Structure formats: structure tokens, C-alpha cells
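Here the structure comes first, spelled out in C-alpha cells, and everything after it is commentary.
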Amino acid sequence: MMLGSGSEPDDLVRAVEATLFATAEPMTAEAISAHLGGADVRSALAELAEHYRRRGIHLVERGRRWHFETAGDLAHLLRREREEVRRLSRAATEVLAIVAYHEPVSRAEIEAIRGVQTARGTLDVLMEAGWVRVAGRREVPGRPVVYATTPEFLEHFGLGSRRDLPGIDELRAAGLLDPVEDALADALGGGTTEVDDPSVG
Amino acid sequence: MMLGSGSEPDDLVRAVEATLFATAEPMTAEAISAHLGGADVRSALAELAEHYRRRGIHLVERGRRWHFETAGDLAHLLRREREEVRRLSRAATEVLAIVAYHEPVSRAEIEAIRGVQTARGTLDVLMEAGWVRVAGRREVPGRPVVYATTPEFLEHFGLGSRRDLPGIDELRAAGLLDPVEDALADALGGGTTEVDDPSVG
Amino acid sequence: MDRIAEPALFTGDEAEWDGPAPAAAREDAALYLALDGWEGPLDLLLDLARRQKVDLRKISILALVDQYLAYIERAEALRLELAADYLVMAAWLAYLKSALLLPREEQEEPSPEELAMRLQLRLQRLAAMRDAAARLMARDRLGRDVFARGAPEGLRIDRRNLWQCDWFELVQAYGQVKARTTPVVHMVRERPVMTLDTALARVSAMLGVRLEWIELCEFLPATCDGDWADPRLRRSALASSFVAALELARLGKAELAQDEVFGRLRLRAVRA
């Protein structure tokens, strides 16, 4: 018997449970606390998450916001009557992955990785889906806009935070998230040099 | 320990739980069964209803349809009230004072005393504040509603009774009937600090 | 209950990409027909590199260059129209190949090995992001694999006003109502004025005897003339004389002139 899974939930746990069931939007611990008159809801959230871990619905934290969702292993039962999630083009999925693994990242940096210009509509599609947002400008000449992912991105892909991006630790350890120039400098053990490379840019 | 409340839910129970959580409409047992490939969901529904009986959400059957809803004792969480401190407007303060000095008083009488029309909202505000109540109708043609103060009014203003309100002579002595003072106080935006009156402090 | 035990049928993401399917592209015919399928030369190079079926870090750049150049040659032989960047890449790779093969006396900067490594690093990075995208898309996705509550009641916060007012404000407000509505007797004092009739008579009389332009202020009585020193009476006289002037102009008996806004106003009789 796991702690809390069979015991009676206390009033605060019940209140947090009811609040998260009723809300139409995911909520941060702070927002839940404010809704419940300032109570400390941290342990209640932990208890609920544990309680629901083996049930048909799970309590999950995505980018600091909590919500209930159906268990992933039941997907095949629930998916049938649902409308299909919009299908992304290959270009859009690549751009989304680059933004997620490199954020904040400029359009030029995205293009350097993909080796092609990115159609204007591609980023628009991702922003319209609510997964990518403009995250300011880089303080370099030209002050390019940089892009980053949103809490809705984490929610949609079931990620607690960007640290949960598949394989991100391995990619970082392998240096595959570093710019080519840095990797080249490392490999050659010297400074970087200007190279006449038509495939760049 | 109640049966089923602490034990691990089986796959069918989990599937029913997830189905009822994700559905936008309450579902009959037959509809759930059809959705889950014809399984007999009766005992699963009973187990779920029992499991959720003490939790913040309940699984309930209404007119043969099942759905989750917030526990009745937590329904107040769905509609929270937030209190916002607001100062009474000048017009509302005047109307409140007139009601206090002249009660029971009709709206027409209030307007006659103030010399200006009184917006309907002003009396509503005073009633919302709990300081003024409808005190019946005057038995004259048109049977106008008359207003009076409430016990909460006396309590809020620290008055033992309405007789504790200062009389006209006292107001005059305090300089509160001086129209110049009035104009000055108006010009200074309320002017609660402008009057040098030891009897009022 | 076989439904539940059944493995998920659609957890794969095979339909997600609408780019060229790598399996289909292995057919040579498909390779050449799917020319529009690649997003630029780097994409094509990565596809070719993956056909070497080795770790991208151990890939043979020379073999890759040969494959690319062969592809471009055959595409040209088939008279397929190639985008400029494919040709630029072909030229650059041909240069890289010759630099890698030819013996060198003096080291050029950058060395061909460095250029080859740069290409390799770029292919690795593109491949890494492509794999990451595939893994991302294959996750349980909200609204497709997992679902939020279908009919949340929603949370509502109603604002409730907590009205504030104190004893002094209350009493002061009553005092002000009383003060404001106490009947006030208004005494209207008689003030010395020049009536419009007087002004009209005076201005017409003066215009009758003079032909030249006259400034309006000249129509006023002299200050030394008894009560006319009173500034309030003089203001009244000026206002009445001005209205009289306008009236005479309207009747066609006088004309007015003013050189600038707020300038001196002059008046002249109109002779019939």
C-alpha cells in the first residue's frame, strides 16, 4: 500500500483535487493556493500526484502548471472519437524541435541548422498553435527576434519541463546543441576561422 | 479500509475512469460499455463511485448517465468571492447620510433633499454594502418604496442608535454647514483633513 | 475486455511527416523523381549520408561527395531543373574533393579536412534535430493520446465590493447637502451700464460727423467725464459700442476693419 493511495484525503487535498478537476486551464501551485485562500498546497499536490499515479487519470506538472489528464497507456481507447490533432509539416516539426532544444533561438540560427531558409509561415503556424512565442531580441547587431517554447508546448507534448525533452542530455553531452563553430574549435583545438562555405546561411 | 478504495484499480476500472473524465457529456453505462468494446462496466462504475465517495470529486449517476462532479461540500470552490475594498463615492455618502437622518425616506424625497437626481445604482451600492434596506412602501399615491438604515450601518459607523448622529446645530457649530468650506473641500478633493474641528476628531 | 489488453494501434507517428519517406527514397527512380522532396542540398546530403549506414561521425566525406555529384550529374542528364543552391553545393563539394585528394605542399587556411569536418558537424546537427523532432512527435500528445477533462465546470472568481466610509465622511456629507440646499436669497445690485440703445445712438451720431476710419475705443466717453472713470462702466460701454458697431454694419450704415486677430477695430460710415 502506497502512502496516501488508500488513506482518506484530508480537506486540503480534497479542495486541491476539486479545484484542479474543475479548472478549464492548468494552474500553478501559486494560483491554486491563491484560489484556496493562501494554503500551502505543495504536499497536497504531491499526495494527489502519487494517488493518481496508478489510476486512469494522472495529475501532471507541465512547466510549473498542474492539470489532470488521462493516462497515456489508455490512448488507444480514447483516441478514436477525437478529432485528430493538426498534422505538422516536416519543416514545422523540425523548426519546433530546433526551437525547443535551442531556445532562445533566432530565425538565422534555425536556418543555419536546417541549411535552408525557413518559410515565414512555418513559425507562424507554430505560434498560432500556441507552442512557440517571441521571446525578445538578441542584443547583437540587427537585434534579431528570438523564439522560445510556451507552457502549452510542454502541456501538449507531456513534458514537465524542457529538461524532459527526449534525449536532450545526450545531445548536450555530445555537443550537438552547440554551434558548429564551437564544435569545430573544440575538434581542432584552436581558434575558429572564417570559412568560405556556401552551405552556410 | 473500504473495498476498492485503496487497492490498485484494474484496467477496466482505469479505462472507465479515463473515459468518464474525458467525455464532454455524461454517459450511460451502455455507452461506456460500447466505447470500451462491450465490456461489462457495472462493477467498475460501482467501484469508482465508491472510490471517489470521500474524495474532492464524486462519480455520480443522474438519470442513468454517469459523470464526475465536484463534491457538494466543495462546490463553493467553483465560485470564489474576492473582496475588494472600495471607498463610497461622494454621491453615495450623501444619500446614505440623508437616509440616516430622514429615514424612512423615499427616493423622491432623497432627491428633493439633495437637489439632484439620484442614480438608481447609488441606492443599490448602499444596499450591497448592507447599510440601507427597503423598509416598506409609503401609503401615498404611487406607494413609493421607502428606505432605512440597517443594524450593520450603526455597527459600521460605531453608532449606538440614530440619535447619536449630530444634530443640525452641532453640524453648524462644527462648521459643516458652511458653504465656503464645502466648496473648498470639494476643490481639494474630499477634504477630510481640511476641517480644523476638535469636536470631530 | 480484449479492447483494453490490446496494444495501442496508432501510437506510431509514421503519418506525421509529409516530407519524403526515407524508405521510398531508397529506390533510385524515386530518388530522382523526388527532387522537390528535399529541403535544400544539406537535406539531400543527409539523406545520402544515412545510406552509408554508418555513424554520422564515421561517415566517409569523399564517398558522400561522390554520391552527391553523381546525383547531380544524373539529374542534369535527365534534364531536371536544379535549384541554384544544389549546383553551388556541387561545385563546392567538387572543390573539397580535389583539395582532399591532391597532395599539398603548403597548408591552406582553412584546410580541406577542416571544411570536411564542418560539413560533418552540420550533418550531425541536422540529423540530431530531425531525430529529436520525430521523438517529440511520437510522444503522448494532449488532445490526441491523452485528454484533459472533457467538461470542466470552470472556476469563477466573483469580486465582492467591501465598501468603506467613516463617520466623519457621513456627517460631513450631510452637512454639505444641507449647506448646498439651504435656500439662498440672491440680491442683484444695480450696476452702472451703457445700454445698447445709448451706444447705438452715440455711435451713429459720431459716425455722422466724421468720414475717416475711427477706432472703436474712440467712441467711448472720456475717462474724465464723471462716472465714466468706473472701469466696470467702461467695459459695459465698450461691449455695447461693439454690438452697436456690428448692428450698424449689418444695416449697411457702417463698415468695419481689423488688420489682425485681436487688432484694433476701426469703423467708418458708409455714404449712400
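Per chain, numbering begins at 1; letters A, B, ... match sequence-line order. In this text, all values refer to a predicted model and were calculated from it rather than measured experimentally.
In this model, no donor atom of one side chain and acceptor atom of the other lie less than 3.5 Å apart for B:T93 and C:E169. Looking at B:E128 and C:W163, their side chains do bring a donor and an acceptor atom within 3.5 Å of each other.
Scanning all heavy atoms of the two residues, the minimum distance from B:E109 to B:P104 falls at OE1-O, 4.2 Å.
Both the backbone and the side chain of B:I113 come within contact range of chain C, judged by heavy atoms closer than 4.5 Å. Heavy-atom distances place both the backbone and the side chain of B:E69 under 4.5 Å from chain C.
Partners of B:R120 according to the salt bridge (charged side-chain N to carboxylate O under 4.0 Å, His left out) rule, which considers only residues two or more places apart in sequence or in another chain, do not exist here. With sequence neighbours excluded, no residue forms a salt bridge (charged side-chain N to carboxylate O under 4.0 Å, His left out) with B:R86. The side-chain hydrogen bond (donor to acceptor under 3.5 Å, both in side chains) search around B:R137 returns none, not counting sequence neighbours.
Within residues 156-164 of chain B, the residues that have a heavy atom under 4.5 Å from a heavy atom of chain C are B:H156, B:F157, B:L159, listed by number.
Note on C:R50 versus C:D131: salt bridge recorded, some NZ/NE/NH1/NH2 to OD/OE distance being below 4.0 Å. Between C:E215 and C:R264 there is a salt bridge, with a side-chain nitrogen of the basic residue lying less than 4.0 Å from a carboxylate oxygen of the acidic one.
In terms of heavy-atom pairs under 4.5 Å with chain C, the best-connected choice from B:L20, B:V125, B:L96, B:V116 is B:V125. Interface remark: of the candidates B:V95, B:L78, B:L171, B:L78 forms the most heavy-atom pairs closer than 4.5 Å to chain C.
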